[in-house]
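Please read the structure below before turning to the comments.
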Protein chains: 2
Amino acid sequence: MSETALRKDGHDGEAAVEPKTLVEAAYHRLRKDIIEGNLKPGQKLRVEHLKNHYDVGAGTLREALQLLMTDALVVAQGQRGFNVAPISLSDFEDITRTRVLIECEALRQSIARGTDEWEGTVMAAFHRLSRAEERLDWKVGSSREEWEARNKTFHEVLISACPSRWIRHFQQLLYRQSERYRRISMHTSPIPRDVHAEHVKLCEASVARDADRACAVLTEHIIRTLDAIRSLPPSLIEGDPAKLTKVARARARVLETE
Amino acid sequence: MSETALRKDGHDGEAAVEPKTLVEAAYHRLRKDIIEGNLKPGQKLRVEHLKNHYDVGAGTLREALQLLMTDALVVAQGQRGFNVAPISLSDFEDITRTRVLIECEALRQSIARGTDEWEGTVMAAFHRLSRAEERLDWKVGSSREEWEARNKTFHEVLISACPSRWIRHFQQLLYRQSERYRRISMHTSPIPRDVHAEHVKLCEASVARDADRACAVLTEHIIRTLDAIRSLPPSLIEGDPAKLTKVARARARVLETE
DNA sequence: CAAACGATAAATCTCGAGAAAAAGGATTGA
DNA sequence: TCAATCCTTTTTCTCGAGATTTATCGTTTG
């Protein structure tokens, strides 16, 4: 099943929980392909096509797609099937701002309620992330994936002492969304940020229980990614209207004249 | 399709959007039954049973259940089918606190960006809610439903000028969750609150663009419902352990001894 | 009395085929 | 060149039946 905070299985570290059903397996593989960009934003998801690729029945794949709507990585409308959720700069701005709100609140609660053991977990996750950052090479896929996983774990551990399941749920949702955008910026990042320095400050402030400073650092940390995306050519982000189908164009016309 | 803010069809006022597919129809009917308590919290949802009641195929019902996981009204695990999401006092406390955070932020953004037309819409929704409150009789179901719908609309309209789709999405999720609890408190409410007075103050502060005061009123307004639930006998809220299956009891024993 | 084991019953999960709907293409007319 | 209207092809949606897994019950054992 999914690792969302609201669902029972709970935490998802680096160790992958193996799916108990074909639907879950397809769900995880699809989600990975969407986040990694193998399935492009806005792309049509044809069941007949995908069921062969993922080697499951049609109904099974449909259920997996329904599950992906939970993460807002797939959208569906009426009788027109499924699409990968589109991306846009304004959407990422929204995600970023909302993520700042949620994640800061989560961090505050976590700092307020975290035990000494929590501090230890934070330090451990930070250390492992630092190691990954030392040998991080943006051009090597495996190196990126390792960093991505440990970065995710670090941020999760930071807010793991937050008692609110709903806050954690929203945090995971938004983090997952922003992962898609971060992939884009990492491929062609013109401004190499000193992410490690940001993580150092974030870790320090957190274990020092300085909630205000930690949130300030975290806020800037999150917004930096937005700036990186902003400096990218819009063609990478906005969907290409030229690739719309004839019917979609006709529909757009109708909507305009109404 | 669903009326969640992230999905395309957008706003959901009192006018119901008729479903275009059987899955959507079943989804809406199931959701209504869960929120209204016809399907009780924690209850097992057997596909073979329900497919007859809702008059759809097994696969169709399964897809509807997957969709309901999006709203966290249904939970599923491994190969053990679906259950109505359980309720608890601590869960409602979490929902309430998170809702305060989200809805206040939404209200702030809405007040900051709302136009004069928005003010008009707020006044209109408030007026209709007031009328419903005048003739509100807690014992009459239709009266309650009318109030419930207009109350929802009022709160939605208040934050309708909030430009963040994610904030609105989370607000709808949490509102829907709290609806289940509010139903319980309305059936056997020992302390009749003056909800109308709260709405008056909320409306006044909002159109006066006094964000701080509006949020303070809204916060208290939301928390009042929590107090109402707190004063209820716990048996109404916590699930009944006596109704667990034999296996579930055995499983609970195992988990205890570990 | 609690725990363990095995056979029966029930529910879930999965798949492929048929009905309904939408997309694409060709033709006609302005 | 563009819009409107058929017709064909593709895709989605829906259903029921078979394969697996899980729950229940009776019996046995420590």
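Scope of the values below: all heavy atoms of this structure, side chains included, with no hydrogens, waters or symmetry mates. These numbers were taken from a predicted model, which means no experiment stands behind them. Residue numbers begin at 1 in each chain, while the letters A, B, ... track the order of the sequences.
Dashed line: the shortest gap from a side-chain N or O of B/T21 to OP1 or OP2 of D/dC13 is not under 4.0 Å. Side-chain nitrogen and oxygen atoms of B/R80 include at least one within less than 4.0 Å of the OP1 or OP2 phosphate oxygen of D/dA23.
Listed by first and then second residue, the salt bridge (Lys or Arg N to Asp or Glu O under 4.0 Å) pairs involving residues 54-65 of chain A are A/R62-B/E63, A/E63-B/R62 (not counting sequence neighbours).
In this structure, the nucleotide among C/dC13, C/dT14, D/dC15 sitting nearest to the side chain of B/F82 is C/dC13. The side chain of A/Q79 approaches D/dC13 more closely than any other nucleotide in the set D/dT12, C/dT14, D/dC13. With C/dT14, C/dT12, D/dC15 as the choices, the nucleotide that has an atom nearest any side-chain atom of B/E48 turns out to be C/dT12. You'll find that the side chain of A/T60 is closest to C/dT14, out of C/dT14, D/dT22, D/dT14. Closest contact between the side chain of B/E63 and the listed nucleotides D/dT12, C/dT14, D/dT14 involves D/dT14. Out of D/dT12, D/dT14, C/dT14, the shortest distance to the side chain of B/R62 is found at C/dT14.
Applying the side chain to side chain donor-acceptor pair (under 3.5 Å) rule to A/Q171 yields the partners A/E103; only residues at least two apart in sequence or on another chain are considered. Residues that satisfy the side-chain contact (heavy atoms from CB on, under 4.5 Å) test with B/A25, not counting sequence neighbours, are B/P19. Partners of B/T115 according to the side-chain contact (heavy atoms from CB on, under 4.5 Å) rule, which considers only residues two or more places apart in sequence or in another chain, are B/E117, B/W118. With sequence neighbours excluded, the residues that form a side-chain contact (heavy atoms from CB on, under 4.5 Å) with B/Q109 are B/E105, B/C162, B/P163, B/S164. Not a single ring pair (Phe, Tyr, Trp, His ring centres under 6.0 Å) links A/F82 to another residue, sequence neighbours left out.
At a threshold of 4.0 Å, the pair A/K20-A/E24 does not count as salt-bridged, since none of the basic side-chain nitrogens sits closer than that to a carboxylate oxygen.
In this structure, the CG atom of A/L22 is 17 Å from the P atom of C/dT12, given to the nearest Å. Atom C1' of nucleotide D/dT21 and atom NZ of A/K20 are separated by 12 Å, given to the nearest angstrom. Spacing between atom NZ of B/K44 and atom P of D/dA23 amounts to 8 Å, rounded to whole angstrom units. Atom CG of B/L61 and atom P of D/dC13 are 17 Å apart (whole Å).
Within a heavy-atom distance below 4.0 Å of DNA chain C, no residue of residues 50-59 of chain B is found.
Within 4.0 Å of A/L45, counting heavy atoms only, lie sugar-phosphate atoms of the nucleic acid but no base atom.
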Please list every donor-acceptor pair under 3.5 Å in which a side-chain atom of residues 33-40 of chain B meets a protein atom from a residue at least two apart or in another chain.
{"unit_1": "B/D33", "atom_1": "OD1", "unit_2": "B/N38", "atom_2": "ND2", "d": "3.0"}
{"unit_1": "B/D33", "atom_1": "OD2", "unit_2": "B/Y54", "atom_2": "OH", "d": "2.5"}

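A cation-pi contact, defined as under 6.0 Å to the ring centre and within 45° of the axis, is absent between B/R99 and B/F170.
Taking the screw axis at each terminus of the helix from C/dC1-D/dG30 to C/dA30-D/dT1 from five consecutive base pairs, the angle between the two is 40° to within rounding of 10 degrees.
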